[in-house]
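Working notes for the structure below.
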Amino acid sequence: MINWIIKAFIKNYEDINNKKVREAYGVLGGVLGIVCNLSLFILKLTIGMLSNSIAVISDAFNNLSDLGSSLISIIGAKMSNRPADPEHPFGHGRFEYISSLIVAFLIFAVGFQLLKSSIAKILAPEKVIFSATLLIILIFSIIVKLWMFSYNRYIGKKINSSIQMATAVDSLNDVLATSAVLVTTLISHYFNLSIDGIVGLAISVLILYTGLQIAKETINLLLGSAPDPNLVQDIRAKVSHGQYIVGTHDLKVHDYGPGRILASIHAEFPDTVSTIKAHSIVDDLEEQISNELGINMVLHIDPLTTNPEKLAQVNAFIHQEIREIGHSIDVENVRMTEGLHHINIIFSVIVPPSIKESEYKEIRQTVAKTLMAKNNQVKIVVDSVVPRARKE
């Protein structure tokens, strides 16, 4: 169904790298959310008040917070698509992350209010009025929320949208919460057990937890979290396949919002390749990566020394100093670039399989610091830390 809606309302819907198309996806997801959540809020609030169920009323206001989330997602989609300006040279893509953070605060506020109401209901319980209409509304709500989870996740993956993925998770939580209300209503009617306030409390805690998780993930994006390992692998693979390129290092990825990723990497050429030829190769690679991965790519040319005597001296220096560091570590793929004031020495560090991955960063820093302290005319670049292969 969502595919039919997308085709009906989004022109050029397959061109997801187009900012206008991406905005249209976000707006469509938000409009659908407003329609669904407003309908569910009105239905649940009415039934909750008629049946005197704080759990149903809690669930209704959860849908109201979701409506606000959908509205903010529309605003976020519009704002994040604003063009770059002198104050924001990389565009306004992070507005989407800010929108996600606002949604998290709204969810958290609603959850806290419902927490207080549920505690009051536990202290002064009231009988829930059972009706077939109540059951039908709750089952209908579960079906609608399952569909909302499905289409929000589809759109979120389609356009790599953090706010759509957050809305999908929230919709799935709503399915669980409404299912709990349904079970509570049946237990209350058939077993005469007053657990309405307890379930309302559980729902409010679930809402608070959802808001906290969304806030945590969004703050990580705003602060600059580690790039997607698959993206890192794709970039390195595509650059390494470039003509004459023998290695890469110093990959940096900057996320300025979905669809607005900037990356830079050092591409290593033998110093026998002319600057003109190397420049032409990296220009082609930048365009290729931009078209295939949808990111703005900058490649820096590093001319590697091919002089065998200089390479032998560097290898001897590295291997001698590495042995003194200990940890049974070794190096491989040593190469160097020469500069006016210092030389860059680049290599991979091999560690025993027993060393944990969490220790790799410290080993990388220790190796670089120790070697540069031995010779202040070198700059050490540890391009990777990898475990030594186990012997069969």
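This one's a predicted model, so the numbers in the text were calculated from it and none came from an experiment. When a residue number appears, it is its place in the shown sequence, counting from 1.
At distances below 3.5 Å, not a single donor-acceptor pair connects side-chain atoms of R364 with backbone N or O atoms of V381. Between the side chain of S150 and the main chain of L146, no donor-acceptor pair closer than 3.5 Å is present. In this structure a side-chain-to-backbone donor-acceptor pair under 3.5 Å is missing from S290 to E286. No donor-acceptor pair closer than 3.5 Å links the side chain of S141 to the backbone N or O of I137. A donor-acceptor pair under 3.5 Å is formed between the side chain of R22 and the backbone N or O of I159. The closest donor-acceptor contact from the side chain of S280 to the backbone of I276 lies at 3.5 Å or more, if one exists at all. With Y151 contributing its side chain and G33 its backbone, the two residues share a donor-acceptor pair below 3.5 Å.
Within the model, atoms CG of D302 and NE2 of H249 stand 4.0 Å from one another, a figure rounded to the nearest 0.5 Å. Rounded to the nearest 0.5 angstrom, I295 CD1 and D234 CG are separated by 9.0 Å. Here the straight-line distance linking atom CD1 of I265 with atom CD1 of I235 works out to 7.0 Å at 0.5 Å rounding. Here CZ of R153 is found 7.5 Å from CE of M165. Values are rounded to the nearest 0.5 Å. Taken from OG1 in T305 to CD in Q313, the straight-line distance is 11.0 Å, to the nearest 0.5 Å. Summarising the geometry, atom NE2 belonging to H342 is positioned 11.5 Å from atom CG belonging to N376; distances are rounded to the nearest 0.5 Å.
Between E268 and I346, the closest side-chain pair of non-hydrogen atoms falls below 4.5 Å. Within the 4.5 Å cutoff, side-chain heavy atoms of L371 are placed close to those of F347. Under the 4.5 Å side-chain criterion, counting only non-hydrogen atoms from C-beta, M297 is not in contact with L262. For the pair I34/I74, a side-chain contact is recorded, criterion being any heavy-atom separation below 4.5 Å from C-beta on. Using a 4.5 Å heavy-atom threshold, the side chains of D330 and R388 count as touching. I261 places none of its side-chain heavy atoms less than 4.5 Å from the side chain of N296. You'll find the side chain of L299 stays beyond 4.5 Å of the side chain of I301, heavy atoms only. A heavy-atom distance below 4.5 Å is found between the side chains of N152 and S171.
In summary, the side chains of N3 and Y154 do present a donor paired with an acceptor at a separation below 3.5 Å, with no hydrogens or angles considered. Between the side chains of S204 and S118, no donor-acceptor pair is found at a separation under 3.5 Å. Under 3.5 Å, the side chains of N315 and K310 contain no donor-acceptor pair of N or O atoms.
Nearest heavy atom pair, residue K158 against residue Y25, reads CE-OH, 3.7 Å. Nearest heavy atoms, I322 versus I329: CG2-O, 3.5 Å. Of all heavy-atom pairs spanning S70 and N37, the tightest one is OG-ND2, 3.7 Å. Minimum heavy-atom separation, I281 to Q243: CD1-O, 3.4 Å. The minimum heavy-atom distance linking L208 with F108 is given by the pair CD2-O, 3.3 Å. Between L285 and G242, the shortest heavy-atom contact is CD1-CA, 4.1 Å.
Heavy atoms of other residues, nucleotides or ligands lying less than 6.0 angstrom from CD of E292 number more than 12. In H300, the NE2 atom is crowded: over 12 heavy atoms of neighbouring residues, nucleotides or ligands sit closer than 6.0 Å. Annotation for E359: atom CD counts as buried by contact number, over 12 foreign heavy atoms lying within 6.0 Å. Within a 6.0 Å radius of CZ in F140, other residues, nucleotides and ligands contribute 12 heavy atoms or fewer.
M148 and V175 fall within a single hydrophobic cluster, where Ile, Leu, Val, Met, Phe, Trp and Tyr are joined by side-chain heavy atoms under 4.5 Å apart, directly or via other members. L231 and V298 end up in different hydrophobic clusters when Ile, Leu, Val, Met, Phe, Trp and Tyr side chains are linked at under 4.5 Å. Taking hydrophobic clusters as Ile, Leu, Val, Met, Phe, Trp and Tyr residues chained together by side-chain heavy-atom distances below 4.5 Å, L172 does not share a cluster with L40. In terms of hydrophobic clustering, with Ile, Leu, Val, Met, Phe, Trp and Tyr side chains grouped at heavy-atom distances under 4.5 Å, V351 and V331 are assigned to a common cluster. Cluster membership for I318 and V246, using ILVMFWY side-chain heavy atoms within less than 4.5 angstrom, is not shared.
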Derivation and outcome, side chain to side chain contact (heavy atoms under 4.5 Å, CB included), residues E287 and D283: CA-CA 6 Å; E287 184 177 358; D283 273 355; over 6 Å; no

Step-by-step side chain to side chain contact (heavy atoms under 4.5 Å, CB included) determination, L32 to I2: CA-CA 10 Å; L32 289 175; I2 186 61; 3.9 Å; yes

Worked check of side chain to side chain contact (heavy atoms under 4.5 Å, CB included) between L186 and F191: CA-CA 8 Å; L186 293 172; F191 297 96; over 6 Å; no

Audit row: I345, I343, side chain to side chain contact (heavy atoms under 4.5 Å, CB included) steps and yes/no: CA-CA 6 Å; I345 303 176; I343 63 173; 4.2 Å; yes

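Results of the side-chain contact (heavy atoms from CB on, under 4.5 Å) test with T306 over L311, V273, D271 single out D271 as the only residue that passes.
One finds no salt bridge joining R236 and D383 here, because no Lys/Arg side-chain nitrogen approaches an Asp/Glu carboxylate oxygen to under 4.0 Å.
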